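One structure is given here, and the rest of the page talks about it.
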Amino acid sequence: MLFRLSAVYALLAVLTTALGSGVLVPLYIDPADTSCSAWTPLLNAISAHPAVPFYVIINPNSGPVPTPDTGYQTCIPRLKASPSVTVVGYVPTTTGAASIDAVNSATAQYAAWGSAYRPQGIFFDEVNPTSRLLSKYTNWTNTAKATLNDGHGYVILNPGASVGSQTTYFNIADQIVTAEDFYDQFSPSQLTFSSSSPAAKQAVILTDAPSAPPASLISQLVATDNIGSLYITDDTQANGANPYDTLPTQFATFVADIGTDTQ
Ligand SMILES: *[C@@H]1O[C@H](CO)[C@@H](O)[C@H](O)[C@H]1NC(C)=O
């Protein structure tokens, strides 16, 4: 009996370690060339913090292209070389208005990429988590799971806000972005955690943040709340700008803070 209990505790310890908060990176940046120079801060942070999971969203053209250029073909394998990294491909869903076939054919384009640079899952953007659309999103996520990563495609949904009462969406996704906000307009208290809205499946994306990463907020979300993943950037979306066209100025410090809080 004692032996069994200790085995259970050992297993729990392993599971807890495996589920540490990670970094979600909207890498809407062309690697530039086969030296991957535009991705260097990310590649360096991945090497420096092998215990921190990274979920990296690649997005060659507001969605896939049939064959990515040689930069992507060379640089995605460098991301995938680390077991801590999960690469997901960006697919928009136009708040559920897209046809079943349009979204599945975007997923199919990624699935047809060469295995060395093929993403391991899909990041579905512009998600509208209503009960009416659940069957459509279930079809899209099942297609992604079945066709990527040897039948275990990783699925992230981005409604950018709470799913409210539609917690069934947590059953069809590995993670859901439950806040995509201006840093100034976000409070951790707006997140809802329960057995049907697990913290470990929630991701937060904040833009227009101070250039020095906010250590106490990171500690709250990572060490206290244990959310699934987090991205905070000082790049801006104010005035219609794209907040994902550069990595945060102090990306290395941001990742180091997450690494400290998950220990
Ligand atoms: C998705 O829906 C299409 C069209 O109804 C159907 O052919 C396909 O089998 C469905 N895929 C999944 C994974 O449910």
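Just follow the structure's listing: the first ligand is 1, and inside any ligand the first atom is 1. Everything numeric here is computed off the predicted structure, so don't read it as measured data.
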Point to revise | Closest protein heavy atom (residue, atom, distance) for atom 11 (N) of ligand 1 | key: Asn139 ND2, 3.0 Å
**Study point:** Residue and atom name of the nearest protein heavy atom (relative to atom 4 (C) of ligand 1), distance in Å to one decimal
**Key:** Ile100 CG2, 4.2 Å
Practice item. Report yes if the side chains of Ile76 and Trp39 come closer than 4.5 Å at any heavy-atom pair, otherwise no. Key: yes
Review point. Do Tyr55 and Val85 come close enough that some side-chain heavy atom pair is under 4.5 Å?
Key: no
**Study point:** Protein residue, atom and distance nearest to atom 13 (C) of ligand 1, heavy-atom basis
**Key:** Thr143 OG1, 3.6 Å
Exercise for review: Would you check if Tyr117 and Tyr72 make a side-chain contact, meaning some heavy-atom pair closer than 4.5 Å?
Suggested key: no
Review point. So do the side chains of Gln120 and Lys80 get within less than 4.5 Å of each other, counting heavy atoms only?
Key: yes
